Every structure is written in structure tokens, then in C-alpha cells.
Amino acid sequence: MRVSFNSYSNNLVSRLGKLNAQQVNLQRQLSSGQRVAEAFEDPASFGRALTSNTEKARIQTQARNLSRAEVVSKFSGETLEQLKTVADQANLDVNQTDGLTSSADFSARALKVNQQIEQALRVVNAKIAGDYMFAGANTAE
């Protein structure tokens, strides 16, 4: 087999070029303090970085959901307190109805009961962030 006279020198120059490029990459890593510059250099670390971004997004979503749940629970608690106040007043009015005899008294009491019902409906139809509080799954109605 015949070998050209400068194949050894060409091969040497090629290998020296590759070593020089590798040396430049190592010096860049050393100066920047980064152990990995490309994903192929450490696939396990790259996978952990991708997983941490996904985990961060999941945690942020949970934080938003918890914040909304806190607001909804406070609002619903206050709304239920208002409804309890209306129900207590209605119960008191019912107990005072026993002694009524005239139709005018009954008409006045009926008007007051209708007002209490309307007030209770306003309380129950409360909205938070555009959604009805006690609407169940269909919050648009």
C-alpha cells in the first residue's frame, strides 16, 4: 500500500486542530464557570433542568388555584353569614306572626317576607370574578 509523503503531516495538523478546539471549549467553560455549554455534554443535567421548569409551572398553577380557593372560601363564608342573618330575621318574624288577626297585619307581614326572600336571593346570587358563587358546575347561570 502506498502512503503519500504528506499524509502524516496532514493527519497531525487535523488532530492538532481538534485538540485546539477542545482546549478553547475547556477554557471557555473555565472562564464562565459553567460546566455544561451544550445539552449533549450532560443529558442528565439537561433533563433535570427541563423537569424543574415543568415542576415550577405546576407549582405556580397550584399557587394560583390555592389563592383563588382562599378568596372563594372567604367570600362564600361571608355570603353564608349574610344569608344566616336574613334567615334568623325571617324566623323571628315567623314567631311574631302568631298573634296577628287583621288582614292589614297579614299583608304587611307578607310584604316583609317577600322582601326577605328577595334579599336572600340577592345574597345567594352573589358573583365572584364574574361567576355565580352558588351555581354549581354551570357558573354562567
Side-chain angles (χ1 to χ4, degrees), residues 1-100 102-141:
M1 173 165 129
R2 183 172 175 186
V3 178
S4 64
F5 74 96
N6 61 352
S7 68
Y8 177 76
S9 62
N10 286 343
N11 200 6
L12 179 66
V13 167
S14 172
R15 286 188 184 180
L16 285 174
K18 288 179 183 177
L19 286 173
N20 189 28
Q22 188 177 9
Q23 181 182 9
V24 167
N25 284 337
L26 291 172
Q27 286 176 342
R28 186 174 350 144
Q29 284 180 356
L30 185 62
S31 66
S32 68
Q34 293 181 341
R35 185 174 67 89
V36 177
E38 300 291 331
F40 67 86
E41 293 174 356
D42 191 358
S45 294
F46 187 69
R48 284 192 304 271
L50 287 178
T51 303
S52 69
N53 285 340
T54 305
E55 183 70 14
K56 179 181 176 184
R58 188 181 66 76
I59 289 171
Q60 287 173 340
T61 301
Q62 285 180 343
R64 283 191 303 271
N65 289 344
L66 286 173
S67 175
R68 170 136 172 95
E70 183 182 12
V71 168
V72 167
S73 68
K74 285 181 182 177
F75 187 77
S76 62
E78 292 169 2
T79 303
L80 290 174
E81 285 294 326
Q82 291 174 0
L83 188 60
K84 183 181 180 310
T85 303
V86 171
D88 288 345
Q89 184 62 41
N91 190 22
L92 183 65
D93 290 342
V94 165
N95 289 334
Q96 293 174 353
T97 306
D98 286 343
L100 298 180
S102 71
S103 63
D105 290 339
F106 279 112
S107 297
R109 189 63 58 147
L111 181 63
K112 188 171 183 181
V113 168
N114 285 338
Q115 289 174 347
Q116 289 172 338
I117 290 172
E118 287 179 20
Q119 184 180 2
L121 286 175
R122 277 194 304 275
V123 168
V124 171
N125 285 329
K127 284 186 175 184
I128 184 169
D131 294 333
Y132 287 101
M133 174 58 65
F134 300 106
N138 188 5
T139 59
E141 296 181 12

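Because the structure is predicted, anything quoted here is derived from the model rather than measured.
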Practice task
Say whether Arg28 and Asn25, considering side chains only, have a donor N or O and an acceptor N or O under 3.5 Å apart.
Solution key: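 On atom types as modelled, these side chains qualify, holding a pair under 3.5 Å.
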Exercise for the section: Name all residues meeting the side-chain contact (heavy atoms from CB on, under 4.5 Å) criterion together with Gln60; count only those two or more places apart in sequence or in a different chain, and write none if there are none. Expected result: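 Result, side-chain contact (heavy atoms from CB on, under 4.5 Å) vs Gln60: Lys56, Arg64.
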Practice task
Under the side-chain contact (heavy atoms from CB on, under 4.5 Å) rule, collect the residues that match up with Leu92, sequence neighbours excluded.
Solution key: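 Checked Leu92 against side-chain contact (heavy atoms from CB on, under 4.5 Å); matches are Gln89, Gln96.
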Reported [atom1]-to-[atom2] distance for the pair [X] and [Y], which is rounded to 0.5 angstrom:
X      : Y      : atom1 : atom2 : value
Leu83  : Ser76  : CG    : OG    : 12.0 Å
Leu111 : Phe106 : CG    : CZ    : 15.0 Å
Thr51  : Arg58  : OG1   : CZ    : 11.5 Å
Asn65  : Arg68  : CG    : CZ    : 9.5 Å
Gln119 : Ile117 : CD    : CD1   : 11.5 Å
Arg109 : Ser103 : CZ    : OG    : 14.0 Å

Handout entry: Charged N-O contact under 4.0 Å between Lys74 and Glu70
Key =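 Here Lys74 pairs with Glu70 in a salt bridge, since their nearest N and O are under 4.0 Å apart.
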Could you list the donor-acceptor pairs under 3.5 angstrom formed by side chains in residues 10-24, with sequence neighbours left out?
residue: Asn10; atom: ND2; partner: Asn6; partner atom: O; Å: 3.4

Handout entry: Summary of salt bridge (Lys or Arg N to Asp or Glu O under 4.0 Å) pairs that have at least one residue in residues 82-92, sequence neighbours excluded
Key =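 For residues 82-92: Lys84-Asp88.
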Practice task
Please report the closest heavy-atom contact between Ile128 and Val71, naming both atoms and the distance.
Solution key: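 Shortest heavy-atom contact: CD1-CG1, 3.4 Å.
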Exercise for the section: With sequence neighbours left out, write down each residue that passes salt bridge (charged side-chain N to carboxylate O under 4.0 Å, His left out) with Lys127, or none if nothing qualifies. Expected result: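 Partners of Lys127 under the salt bridge (charged side-chain N to carboxylate O under 4.0 Å, His left out) test: none.
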Practice task
Using salt bridge (charged side-chain N to carboxylate O under 4.0 Å, His left out) as the criterion, list what pairs up with Glu81, not counting sequence neighbours.
Solution key: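 So Glu81 forms no salt bridge (charged side-chain N to carboxylate O under 4.0 Å, His left out) with any residue.
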Problem - Side chain Ser31, main chain Gln27, donor-acceptor under 3.5 Å - result: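 Side chain of Ser31 to backbone of Gln27: a pair is present.
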